[in-house]
Enquirer: 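I'd like to ask some things about the structure below.
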Amino acid sequence: MTLIGGIRRFLAVALAASAVLAAAPPASAAPPASAAPPASAAPGPIEALGVPLQDVLLIGGVVAPGPGGATVLWGVSSGTPAHLNAVDPATGAEVARYDLPGAGGAWAVDAAPDGSVYVGSYGDGRLYRWTEQGGIRDLGRPLASENFIWTVAADPASRIYGGTSPGGRLFGYDPVNGVRDYGKLSPAHAYVRSVAVAGGKIYAGTEAPAAVFEVDAETGASTRLPTPPGLDPAGKWAYDVNVAGGYLYVRYGDAFPGPAHVWDIAAGAWVDELEAAHGLDVSPPDEEGRVYMVKAGELVRYDPRSRTVTPTGMPFTGRVANTRGIGWAELGLPDYPGKSVVGLLWRGMMFRYNPQTGARSFVQTAVRGEPIDVTALSEGPDGRMYASGFLNGGFAALNAKTGEREEFHTFSQSEDMTTHDGKLYVGAYPQARVYSYDPKLPWNSAEYSPSPEPGPADNPARLFDFAADKQIRPRAMVSAGRYLAVGTMPDLGHLGGVLALWDPREGALRTAQRHVVKDQSIVSLAYRDGVVYGGTSIYSGQSATPPTQTEARLFAWSVKENRLLWEITPVPGKPAVPALTFDDRGRLWGIAGGEVFAVNVHARKVVSRVTLSPSASASGQLVFDKRDRTLYGAHAGSSLFSLDPRTRQHAVLREGPVHHLAVHRSGDVYFAEGPQLYRYDPQSR
C-alpha cells in the first residue's frame, strides 16, 4: 500500500532521515546538562470546572435482608468513597446508603445468616461489615500483603471467606476469632478470583491457567479439582464460582460469556456444561432445586438433575450483561405473586421475573451516580474538550469556552483519545478496543445502552481490538499522517505491547507489530515527518505480571518502510516513558520519572535534560502549547508544571495528584485531579 498526495513530501524527508540514521552510531544516554533552576514567573489563573463524569457502577452485590429485615438488593457503587446501597426490589427506591471510607469500590459482597453484610474492597484490600445495630464497621485489611479482595462468601455459621491478589491468598473471618490466613493456594497463581462455600469446604478459583481448589475450612487442607473434560485452562480464569443446591457452578473465561461447568459435589464429578453463560452469579435454588442465570443474552432456568435449560424470554443486552447479585424477593405487585427472581445490573438497573406469570421488567433504581476519575482528555475535531474515565468509564464533551458539560454518555473505561481526520478516536479497556466517534452524527452505542432500540449506525463505531494478541490497554494514540497509530499494554501474564497503524480510508490495519521493543509495553506516541516515535514501559497492563526488562526505551518506526529504525535508552534506570511531544523546533520531548528530556531525532541522542526530582514513577504527562511555546506536564502524579524548552526554566503551577492533561487550540491547558477537571490559562500570567 502506498501513501499519496501531500504525504509524499513527508515520506521523502523520512527516507532521507532514515538513511542518515541507519549509518549513525548508537547514541549515548549520558546526561548532557544539569537541571535548570526553577522559573520565578507567577502562574496564571486556574479555574475549577467541576466533575465532568458521573455515573453508576455496581460491581458486587447480593439479595438479602436489609434494614428492618425486608429483602433488598445490596450493591456497592464505585466512588470516592464507595457506597453500600440497599434498594427496594419492588420500587427501585433507595432504602439505605452507607459510606465505605477508604474504599473505591468492591467486587466482593455477601450476606451472612446472622444478618451481616460483608464487603471486600479493591485498592486497599479492606473488609467491611454491616449490621442492623452498628451500621458499617471497617475491619481493616485482613491480610497486610493483599490490596484487592476479589470475592467473599459466607458459610452457615456466618463465617466469611475471601480471595485476594496480588498474593493469591485465601482468608477467613468471624467476629469472635478474627482473621485466619489460609495462605497462598498455588505458587503459580497471583489471584483468588472467586470463592464459594458448601459442606465445610471452600471452593476457590484462580486466574489463567484456570484452577479450582477445594479447601477444608477447618484443617486448611487443599485439593485441586480436575479440569473439566475437554477444557483447556490456558488463557481462561475460573472467573465465577457459585454453590447452589449441592452443585458447584464454575464459569471459565473472563467478564464476558463463557462456558459454565457443573460439578456434582456429592458425586465428585463434572456432570454438565452450559455454553455462553454470563456471570457473576446464579440464583439460590427454588423449591425444586432449579437455579436462574443469564445465558446467551437471556434469563434462563436450569435444572441440574435433568440437565435442562428453560428460557424465560427475558433478554439481557449490551456489552456487559452480568448480574450483580441475583436472588428471590416477594414484591407485592399484581403481576408478581409469591417470590420473584430479582437482581441488579452494573449501571444501576434492576431486573425482576416472576416464574408463575412470566411477568418481567427492568427498572432504573435510585442508586446515585458517583464522580469518576478522569483517565483521558483530548480536544475533539469539533473544538470541544472530551473526557473519559476510570472503571465506570463515561464519555463527556465540554464547551471549551465555558467549561460546561454539553454531553454525557455511558461508555467504557478509556485509556487514551486523539483527534484524527475529522473524528475522535477512543482506546478502551479491556481487550485494547479502538473506536471512532463522529461528533456530527447521533450517539448510538449498542454495547453500552441497557436495551438499545434499532436506530442509526453505531457511533462510536468499534474498529478493531487486540484481544487475540493478549492486549488489554490501548494506552497511546496519535495522528500519524494518513494513519492512526496505536500503542498497547498486554494482559495479565503477558509482556510486549503492539504498535498498530490503522488506515481509515481502507478501513483496515496496515500493521500490528508486537514486541517492537522486547517485553515492553508502548505507553506514549508522537509523530513527525513520516516517523512514529514511541515510549515504552517495562510493565504489563496488569501490575501482577513481573517485568523482564529494567529500563524503558524510546524507539522510531518508519511509516513508509513499516520497520523499526532505532531505539535508545533516554533515561537510564527509569521504568517508563509515559509521554512524548514535539516542540516548535522539532525536538522530541519526553518525561520519565522525575526527569524531562529532549531528543534530537536525527542524531538519535538526548540533547537536554531537566531534573524535577529523583522519582522513578511510571506516571507522567507532557504536552506542548503552540500558543506560548511552553511545555506543560504532570510530574509523578504530584504536581502540574510548566517548562520553557529554550531556557529550561520550569515552575510548579499546582501541587496535587495531577495525572492527565491536554492542551486546547486556544492555548488553555486542561488537567484533572481525580474526578475534578481544571483549566489553566497561560495567557493570563
Enquirer: Under 3.5 Å, side chain of Thr545 to main-chain N/O of Gly493, donor-acceptor pair present?
Expert: yes

Enquirer: Of all heavy-atom pairs between Leu580 and Gly590, which one has the smallest distance, and what is that distance?
Expert: CD2-CA, 3.9 Å

Enquirer: Could you check Tyr435, Trp443, Tyr448 and say which one makes a ring pair (Phe, Tyr, Trp, His ring centres under 6.0 Å) with Phe395?
Expert: Trp443

Enquirer: Would you say the side-chain atoms of Asn459 pair up with the backbone N or O of Tyr437, donor to acceptor, closer than 3.5 Å?
Expert: no

Enquirer: Should Val607 and Val599 count as side-chain neighbours, where that means a heavy-atom distance under 4.5 Å?
Expert: no

Enquirer: Measure the CG-CD distance between Leu643 and Gln649 for me, rounded to the nearest 0.5 Å.
Expert: 9.5 Å

Enquirer: Would you kindly say whether Tyr670 and Arg679 are connected by a side-chain donor-acceptor distance under 3.5 Å?
Expert: yes

Enquirer: So, Arg553 versus Thr536: side-chain donor-acceptor pair below 3.5 Å or not?
Expert: no

Enquirer: Are the side chains of Gln520 and Met489 in contact, using a 4.5 Å heavy-atom criterion?
Expert: no

Enquirer: To check you understand the geometry: which heavy-atom pair defines the closest contact between Ala592 and Val577, and what is its length?
Expert: CB-CG2, 4.3 Å

Enquirer: Does a side-chain N-to-carboxylate-O contact under 4.0 Å join Asp584 and Arg587?
Expert: no

Enquirer: Check whether the ring centres of Tyr533 and Phe582 lie less than 6.0 Å apart, and answer yes or no.
Expert: yes

Enquirer: Which atoms form the tightest heavy-atom contact between Phe671 and Leu377, and what is the distance?
Expert: CA-CD1, 4.0 Å

Enquirer: State, to 0.1 Å, how close Leu391 and Gln413 come at their nearest heavy-atom pair, and which atoms those are.
Expert: N-OE1, 2.7 Å

Enquirer: Go through the steps for Trp589 and Phe624 under the test ring pair (Phe, Tyr, Trp, His ring centres under 6.0 Å), then give the verdict.
Expert: CA-CA 9 Å; Trp589 289 83; Phe624 180 71; 9.1 Å; no

Enquirer: Taking the side chain as C-beta and beyond, is there a heavy-atom pair between Lys626 and Arg665 under 4.5 Å?
Expert: no

Enquirer: Within a strict 4.5 Å, meaning less than it, do heavy atoms of the Lys440 and Lys423 side chains meet?
Expert: no

Enquirer: Could you tell me whether the side chains of Arg475 and Ser521 share a donor-acceptor contact shorter than 3.5 Å?
Expert: no

Enquirer: Around atom CZ of Arg629, are there more than 12 heavy atoms of other residues, nucleotides or ligands at under 6.0 Å?
Expert: no

Enquirer: Taking atom OG of Ser77 and atom CG of Leu57, what is their separation to the nearest 0.5 Å?
Expert: 8.5 Å

Enquirer: Do Ser78 and Tyr122 have a side chain donor and acceptor closer than 3.5 Å?
Expert: yes

Enquirer: When you compare the side chain of Glu404 with that of Leu398, does any pair of heavy atoms fall below 4.5 Å?
Expert: no

Enquirer: Is a side-chain donor-acceptor pair under 3.5 Å present for His659 with Gln621?
Expert: no

Enquirer: Could you check whether atom CD of Glu47 has more than 12 heavy atoms from other residues, nucleotides or ligands sitting under 6.0 Å from it?
Expert: yes

Enquirer: Considering only NZ, NE, NH1 and NH2 on the basic side and carboxylate oxygens on the acidic side, decide whether Arg384 and Glu379 come within less than 4.0 Å.
Expert: no

Enquirer: Quick one: are Phe555 and Leu499 in side-chain contact, heavy atoms under 4.5 Å?
Expert: yes

Enquirer: Less than 4.5 Å apart, any side-chain heavy atom of Leu661 and any of Val669?
Expert: yes

Enquirer: Please, which pairs that meet side chain to side chain donor-acceptor pair (under 3.5 Å) have at least one residue in residues 391-400, sequence neighbours excluded?
Expert: Asn399-Glu406

Enquirer: How would you list, by chain and number, every residue that makes a side chain to side chain contact (heavy atoms under 4.5 Å, CB included) with Arg514, sequence neighbours excluded?
Expert: Lys470, Gln471, Pro490, His494, Val498

Enquirer: Within the 3.5 Å criterion, strictly below it, is a donor on Thr548 or Asp519 matched to an acceptor on the partner's side chain?
Expert: yes

Enquirer: So which heavy atom on Arg473 is nearest to which on Gly541, and how close?
Expert: NE-O, 2.8 Å

Enquirer: Can we say Glu551 and Lys574 salt-bridge, meaning some charged N sits less than 4.0 Å from an Asp/Glu carboxylate O?
Expert: no

Enquirer: So Val532 and Val559, side chain to side chain contact (heavy atoms under 4.5 Å, CB included) or not? Walk me through it.
Expert: CA-CA 7 Å; Val532 172; Val559 172; 3.8 Å; yes

Enquirer: Could you please spell out the steps behind the side chain to side chain contact (heavy atoms under 4.5 Å, CB included) verdict for Arg528 and Val601?
Expert: CA-CA 10 Å; Arg528 190 178 180 89; Val601 296; 5.9 Å; no

Enquirer: With side-chain contact (heavy atoms from CB on, under 4.5 Å) as the test, pick out the partner of Tyr425 among Pro474, Ser436, Ser479, Pro460.
Expert: Ser436

Enquirer: What are the two closest heavy atoms between Pro371 and Gln54, and how far apart are they?
Expert: N-CG, 3.9 Å

Enquirer: Is there a side-chain contact between Asp438 and Leu424, using heavy atoms and a 4.5 Å cut-off?
Expert: no

Enquirer: Does the side chain of His635 pick up a donor-acceptor pair with the side chain of Ser613 at under 3.5 Å?
Expert: yes

Enquirer: Any Lys/Arg nitrogen of Asp55 or Arg347 sitting under 4.0 Å from an Asp/Glu carboxylate oxygen of the other?
Expert: yes

Enquirer: Decide if the gap between the ring center of Tyr680 and the ring center of Tyr632 is smaller than 6.0 angstrom.
Expert: yes

Enquirer: Mind checking the CD1-CZ spacing from Ile372 to Phe390? Nearest 0.5 Å is all I need.
Expert: 11.0 Å

